Each structure stands twice: as C-alpha cells, then as structure tokens.
Protein chains: 2
Amino acid sequence: MTVSKQVGKVGSVEAEGMCPYRLVLEHLTSRWGVLVLIELLDRSHRFSELRRAVGQVGRPVSEKMLTQTLQNLERDGLVHRDAKPVIPPRVDYSLTELGREAAEQVRALARWTHTRMPDVEKARLAYDEARELRSRAS
Amino acid sequence: MTVSKQVGKVGSVEAEGMCPYRLVLEHLTSRWGVLVLIELLDRSHRFSELRRAVGQVGRPVSEKMLTQTLQNLERDGLVHRDAKPVIPPRVDYSLTELGREAAEQVRALARWTHTRMPDVEKARLAYDEARELRSRAS
DNA sequence: CGGCATCCGAACTGATACTG
DNA sequence: CAGTATCAGTTCGGATGCCG
C-alpha cells in the first residue's frame, strides 16, 4: 500500500478544528506573506529580488521562510510561479488575479497603518507614561 | 540607581532595524490580533467572552497569548480597556475610533477570504494534483 | 474573574551546508 | 540562482500557582 506521502501544507501549524478560511487568512497575514504580496503588487519579482525588497521593510527574511511563504501563497492560488529551465535557474513570481485582489486589501491595511502611525505613537507614549506612574505609586 | 524596568513592548519579537509602522502592522495581522479586532467590531467583550469567541473561529487561545495580544493592541491605541473596580473583577474591551478603522480593514480582508474560499480550494486541488504527478515521474 | 509570573515541552525561525 | 536538508536558538502555548 502506497503511503501517499502527504501533499500540501507547507510549514506552520495548520492544525485541525478551525474554519478553513482561517488558514488562508493566516497565509495572507503571515509575517512575510503581507510583505511579499505588497511587493508583487508593483511588479513580478525573482526570488532574490523579493528577498532584498522584503528585507527593506521588515527584517531580513531567511530563504527558508521566503520559500515557505511563497509555496503557501502559490498553493492557495494567489501567487504564480514561473520557473524557466535555464542555467543558472531563473524563477519569477507574480500575482494571479485572485492574488491581486487579496494584495490590494493587504496594501490598503498597510497604507492605513502608515498614515495613522502618528496617532499610534501618541497612544504609546500615553500608555507608557500611565504605566510608569502606576509603577511609581508604591 | 533605578533600573527603569523597560516599559512597553509586550511579547513578540519587536526587533530593531525595521520600519516602525511594520510593528503595528504585525500587531494588527498577528494570529490573534486579527480575530480580536473582528470580534470587537460587533460589540465590546469581556476577557473570557473574547476568549470563547475567538476560539470559535481559530483554535483555542491561551489566556497568556490573549493577554499579550490585548496589551499590544491597547498600547497601540486600538483597543480600550475598561477595568471596573468591583469584586469579582470585570474588564471590558472595546475598540477605539482608531481601532475601529483598522478593524474594518481587517474584516474586509477576512470577508474577502471567506467569499473567495471556493477559488482557493480549487487552486489547492490543482496544485496538489500537479505535485502528485511530478513525484510520480521517477 | 482577570490577570501576572514561572516552568517546560512543542512549534516555529533562521544560519549553515548541500544539491541541481 | 533557487531551492532542500539539517541543526540550534527563539517563541509559543499550556499548566500551575498567586493576587486583587
């Protein structure tokens, strides 16, 4: 009997007992998924281009995590992987139509965050100050 | 000399060397942050209500993680914490105006994911099938 | 009830080494 | 270049005990 070796499901917990759409949402909102989608919204990227571009905004991505992220997004039909059989290898990643819709939502959220940063920083100062006062009150 | 005990920054990596807005975005898109914001969009919740509600969609949240998530969101000025000095204690969490804006973006993304699930599942079948074929080709 | 502090196993992440 | 495999460090999450 063939063991069937368990296809799909790259990385992350992906446990059972939760709504299926939750898994896709986790891929979209994963640490690197967010940045990858936004990058690809501009244009298609090669693997190492993506790695550099993403590293500009967040911290550097390990190639393993980038691979995992891309495979998840590809499996969900959000990212298209175009591997050209040349030497040295060249692989281009781009958004599918489905992926473009998702990426636009994600970018909207990212932009909102960016424009609202001043308010967030203000809130943080107030929060930290209040905490400071409470700890002072012995 | 007082050690000042390092205020702010609850849980998560929060490392240096990345754009500041990236941190807020990570709070918004964190595993539990997403679900908490969506829940609070309906109405304010008590701590244990949130815990139950979030557990419906995703897997159960540990109280530790929920606490951490809420503290991050509160510090960013997205969630308001109202602790009533009664016995037994009662704490209500609700969205601030800032948080409501964010939560609506997040919910939009979640809804999109939900409506597009059929397409995603179709893509997954195609992906897994293609992978199956490739592995068969010895 | 709504936390906070600690310990500990499990899962995730990343640097390294290796393949095509 | 674009990955895969592996090993070690970090974070996550549950369990437990304590406090207001």
Side-chain angles (χ1 to χ4, degrees), chain A residues 5 9-18 23 26-27 29-33 35-36 44-55 58-74 79 81-93 131 134-135 137-138, chain B residues 5-7 9-18 26-27 30-33 35-36 44-55 58-75 79-94 131 134-135 137:
Chain A
K5 236 168 140 219
K9 288 186 182 177
V10 186
S12 83
V13 183
E14 312 279 308
E16 290 70 26
M18 49 163 127
L23 296 176
E26 293 213 354
H27 295 164
T29 62
S30 67
R31 197 194 307 290
W32 307 118
L35 301 181
V36 164
S44 73
H45 282 66
R46 299 182 57 177
F47 185 84
S48 31
E49 283 180 332
L50 262 180
R51 209 174 160 203
R52 272 189 298 277
V54 164
R59 92 197 64 190
V61 214
S62 68
E63 61 186 300
K64 186 174 74 171
M65 283 301 104
L66 183 56
T67 298
Q68 227 172 65
T69 301
L70 287 169
Q71 286 177 353
N72 278 327
L73 295 176
E74 186 194 357
V79 161
R81 179 175 182 277
D82 183 21
K84 294 181 181 66
V86 297
I87 293 184
R90 178 191 177 94
V91 182
D92 285 276
Y93 290 93
R131 230 177 66 96
R134 273 199 307 283
S135 71
S138 48
Chain B
K5 241 174 142 215
Q6 187 190 349
V7 301
K9 290 190 182 176
V10 186
S12 82
V13 184
E14 310 280 307
E16 288 69 27
M18 49 164 127
E26 294 214 354
H27 294 165
S30 67
R31 196 191 306 288
W32 307 117
L35 300 183
V36 165
S44 73
H45 282 65
R46 298 182 59 177
F47 186 83
S48 30
E49 283 180 333
L50 262 181
R51 210 175 159 200
R52 272 189 297 277
V54 164
R59 93 197 65 188
V61 214
S62 69
E63 97 180 12
K64 188 171 68 171
M65 283 302 104
L66 182 56
T67 298
Q68 228 172 63
T69 301
L70 286 169
Q71 285 178 354
N72 278 327
L73 295 177
E74 186 193 358
R75 189 168 105 97
V79 161
H80 173 67
R81 179 176 182 277
D82 183 21
K84 294 179 180 69
V86 297
I87 292 185
R90 178 191 177 96
V91 182
D92 285 275
Y93 291 94
S94 55
R131 230 176 67 95
R134 273 200 306 283
S135 70

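Please read these numbers as outputs of a predicted model, since none were measured by experiment. Every chain is numbered from 1 and lettered A, B, ... according to where its sequence line falls, protein lines coming before strand lines. No hydrogens, no waters, no symmetry mates; every other heavy atom, side chains included, goes into these values.
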Nearest-angstrom distance from the residue atom CG of A:L70 to C1' of D:dA2: 11 Å

task: Quickly work out the B:M65 CE to C:dA11 P distance and round it to whole Å.
output: 16 Å

message: Categorize B:P60 for me: base, sugar-phosphate, or nothing, with a 4.0 angstrom heavy-atom threshold over every strand shown.
response: sugar-phosphate

message: Looking at A:Y93, I'd like to know whether one of its side-chain N or O atoms comes within less than 4.0 Å of OP1 or OP2 on D:dC1.
response: no

query: Does any non-hydrogen side-chain atom of B:R31 lie less than 4.5 Å from one of B:T69?
result: no

- prompt: How many Å lie between CZ on A:R59 and C1' on C:dC12, as a whole number?
  reply: 13 Å

message: Without decimals, in angstroms, what is the distance between B:D92 CG and C:dG3 P?
response: 10 Å

- request: Look at all strands and tell whether A:V61 reaches a base, only sugar-phosphate, or nothing, counting heavy atoms closer than 4.0 Å.
  value: nothing

message: For a quick test of reading the model: is some side-chain N or O of A:S62 closer than 4.0 Å to OP1 or OP2 of C:dG14?
response: yes

task: For the side chain of B:Q71, starting at C-beta, report the closest nucleotide among D:dC1, C:dG3, D:dT4.
output: C:dG3

task: Using a 4.5 Å cut-off on heavy atoms from C-beta on, say whether the side chain of B:L70 contacts that of B:W32.
output: no

query: Taking only side-chain nitrogens and oxygens of A:R46, does any of them come within less than 4.0 Å of OP1 or OP2 of D:dA2?
result: yes

- request: Please answer whether the main-chain N or O of B:V61 pairs with a side-chain N or O of B:R51 as donor and acceptor at a distance below 3.5 Å.
  value: yes

field: Quiz item: B:E63 side-chain donor-acceptor pair to C:dC4 base, under 3.5 Å
entry: yes

query: Does B:R81 place a side-chain N or O at less than 4.0 Å from the phosphate oxygens OP1/OP2 of C:dG2?
result: no

A:L66 vs A:V36, side-chain contact (heavy atoms from CB on, under 4.5 Å): CA-CA, chis, key distance, verdict: CA-CA 9 Å; A:L66 183 56; A:V36 164; 3.8 Å; yes

query: Given side chains that start at C-beta, do those of A:V79 and A:R81 come closer than 4.5 Å, heavy atoms only?
result: no

query: Rounded to whole angstrom units, what separation is found between the CZ atom of A:F47 and the P atom of D:dC1?
result: 11 Å

message: How many whole angstroms separate atom CZ of A:R90 from atom P of D:dG3?
response: 13 Å

message: Tell me whether the side-chain N/O atoms of B:W32 come closer than 4.0 Å to OP1 or OP2 in D:dG13.
response: yes

field: Polar side-chain contact A:K64-D:dG3 base: donor and acceptor under 3.5 Å
entry: no

- prompt: How long is the span from the CD atom in B:E49 to the OG atom in B:S44, to the nearest 0.5 Å?
  reply: 7.5 Å

message: Distance check needed: C:dC12 P versus B:E26 CD, whole Å only.
response: 17 Å

message: Whole angstroms only, please: what is the CD-P distance between B:E49 and C:dG2?
response: 8 Å

query: Does A:S48 place a side-chain N or O at less than 4.0 Å from the phosphate oxygens OP1/OP2 of D:dA2?
result: yes

Residue-phosphate contact under 4.0 Å: B:R31 side-chain N/O, D:dG13 OP1/OP2: yes

query: Taking only N and O in the side chain of B:Q68, is any of them less than 4.0 Å away from OP1 or OP2 of C:dA5?
result: no

